[in-house]
Amino acid sequence: MIGDPLSSSLKLVNATAILSGGLKIGGAWGFSFPPPTKLKFIAIVEGCAQLRFFDDPGLITLECGDVLLLNGATGFTIFSDPDVTPVEISSVFRSGEKADNILTIGQDIDFYLIGGHIDFNQIGRDILVNALPKQLLIPASNSAAGTITWLLQHLAREMANEKIGSQIASTQLAQLVFVQSLRAYIEQCDMIPVGWLRGLADKHIAPALHLMHDDPAYQWQLEELAHKVGMSRTGFAERFRKTVGVTPLGYLRNWRMRLAEQALRDTNETIATIALSLGYTSESAFSTAFKQVIGTAPRNYRSENKTAPLDLTDWANKMPFPDHVGFAS
């Protein structure tokens, strides 16, 4: 897909859904969760519950098929009954009986939750987490509910069986649940705060974002972008700024610098080569722009953030294969 800003942004931050496990329970119960250190997701596979944040007395009802994304701003309590005294969830998982990373409590099971978090690299918090609200609830009544429900059903089946490949299948399904939830959120244009995600929901701004993500090295001009999306120069500039929070060319510069961060951190390309690949005709012009946006010079950024070279021997030793499985010599 050419110039897909959501895909390119998720790829840039290396956003990956990591399953923590599941909880099956019946009767009256309540659990407290500390503030998550990462972008957390909760998916309700069966039953319903209520959730309350530590800093907000209001109740959120969670029903079968709902997906909730949490940006880590505060802890929360989830329960079947508000009158139940909550138990710290970590102590429950340490002491409970788990099968396939699913904790089952009680006999008459009427609630099933799957949880996990989204892993991302250093750029992820600025680009992804800060673009999302404290909590993002995608209800089962959303237009995307059919797809999400199907994914959750299959995810639950994969987590519950021991078929070959179930671990990677579960991870990929969780990834799709996350992406589908973001899609559903983007469709709710009026709910999205100013930023690049709101731009993706705007029928005039989204095509411009596609163009810039498709070819960030191209010397885009305001007039050309406005023409491409069928707007006047002034109208486009004003709508873009109100929707995304920066000017079109300011957004382009910021996106280039995010790509530059990745290249400096993860590749051995020279700074001059990186500058040219992002549309800068000189290393000095690129370095000036990089320092203005990131706050440090490219060489300093690379020395402080360079990814360690991959040790293939160490990598092979850490592969999650059983002891009796090895590499052919």
Side-chain angles (χ1 to χ4, degrees), residues 17-54 59-70 75-119 135-142 145-178 180-181 320:
I18 307 295
L19 283 172
S20 300
L23 171 66
K24 293 183 176 181
I25 193 169
W29 53 270
F31 302 109
S32 63
F33 291 75
T37 57
K38 297 182 178 180
L39 183 62
K40 186 177 182 65
F41 68 87
I42 294 173
I44 310 302
V45 181
E46 179 184 346
C48 60
Q50 291 182 307
L51 182 144
R52 176 187 289 129
F53 289 101
F54 290 172
L59 292 177
I60 298 175
T61 299
L62 300 175
E63 300 180 342
C64 181
D66 288 357
V67 176
L68 182 65
L69 295 178
L70 306 167
F76 60 94
T77 301
I78 185 169
F79 41 76
S80 62
D81 186 337
D83 294 329
V84 175
T85 301
V87 179
E88 170 60 45
I89 190 65
S90 60
S91 63
V92 176
F93 268 89
R94 280 196 301 267
S95 60
E97 294 292 328
K98 295 180 287 295
D100 298 317
N101 217 27
I102 298 175
L103 176 65
T104 301
I105 301 176
Q107 299 296 323
D108 299 321
I109 305 300
D110 58 9
F111 181 77
Y112 181 14
L113 170 153
I114 292 174
H117 68 270
I118 308 301
D119 237 349
Q135 75 267 1
L136 171 57
L137 176 63
I138 307 299
S141 59
N142 187 278
T147 301
I148 292 177
T149 299
W150 183 91
L151 290 169
L152 290 177
Q153 291 172 346
H154 282 267
L155 176 55
R157 293 191 192 112
E158 288 292 343
M159 292 182 68
N161 67 43
E162 297 181 354
K163 290 183 179 180
I164 187 170
S166 61
Q167 184 177 11
I168 192 169
S170 297
T171 299
Q172 294 299 323
L173 286 166
Q175 186 86 353
L176 288 172
V177 169
F178 170 59
Q180 192 65 28
S181 298

Would you give me the side-chain donor-acceptor pairs under 3.5 Å for residues 171-178, sequence neighbours excluded?
unit_1: Thr171; atom_1: OG1; unit_2: Gln167; atom_2: O; d: 3.1
unit_1: Gln175; atom_1: OE1; unit_2: Ala17; atom_2: N; d: 2.6
unit_1: Gln175; atom_1: NE2; unit_2: Ala15; atom_2: O; d: 2.8

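- Listed by chain and number, the residues in a ring-ring contact (aromatic ring centres under 6.0 Å, His included) with Phe33 are Phe76 (sequence neighbours excluded).
- Considering CD1 of Ile78 and CZ of Arg52, their distance stands at 12.5 Å, rounded to 0.5 Å.
- Interatomic distance, Phe41 CZ to Ile138 CD1, rounded to the nearest 0.5 Å: 14.0 Å.
- Only one option out of Leu70, Val67, Leu69, Leu68 pairs with Leu136 in a side-chain contact (heavy atoms from CB on, under 4.5 Å); it is Leu69.
- Separating the CG atom in Asn142 from the OG1 atom in Thr147 is a distance of 10.0 Å, to the nearest 0.5 Å.
- The two residues Val45 and Ala156 come nearest to each other via the heavy atoms CG1-CB, 3.9 Å.
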List the steps and the verdict of side chain to side chain contact (heavy atoms under 4.5 Å, CB included) for Ile105 and Phe31.
CA-CA 12 Å; Ile105 301 176; Phe31 302 109; 4.0 Å; yes

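- Residues passing the side-chain hydrogen bond (donor to acceptor under 3.5 Å, both in side chains) test with Asp119 are Lys38, sequence neighbours excluded.
- Remark: Cys48 SG to Leu62 CG distance equals 9.0 Å, nearest 0.5 Å.
- Considering every non-hydrogen atom in both Leu155 and Ser170, the closest pair reads CD1-O, 3.3 Å.
- For Ile109 against Glu46, the heavy-atom pair with the smallest separation is O-OE2, 3.9 Å.
- When side chains are defined from C-beta on, Glu88 counts as touching Pro34, because their heavy atoms get closer than 4.5 Å.
- The distance from atom CG of Asp66 to atom OG of Ser181, rounded to the nearest 0.5 Å, is 10.0 Å.
- Take Asp81 and apply the side-chain contact (heavy atoms from CB on, under 4.5 Å) test, not counting sequence neighbours, and it matches Asp83, Val84.
- Separating the CD atom in Glu158 from the CD atom in Gln153 is a distance of 13.0 Å, to the nearest 0.5 Å.
- Evaluation of the side-chain hydrogen bond (donor to acceptor under 3.5 Å, both in side chains) rule for Gln135 yields no partner, not counting sequence neighbours.
- Here the closest heavy-atom approach between residue Pro139 and residue Leu137 is recorded as CD-O, 3.3 Å.
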Going by atom type alone, with no hydrogens or angles, which donor-acceptor pairs under 3.5 Å involve a side-chain atom of residues 19-29 and a protein atom two or more places apart or on another chain?
none

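- Among all heavy-atom pairs drawn from Cys64 and Ala140, the shortest one is O-CB, 3.3 Å.
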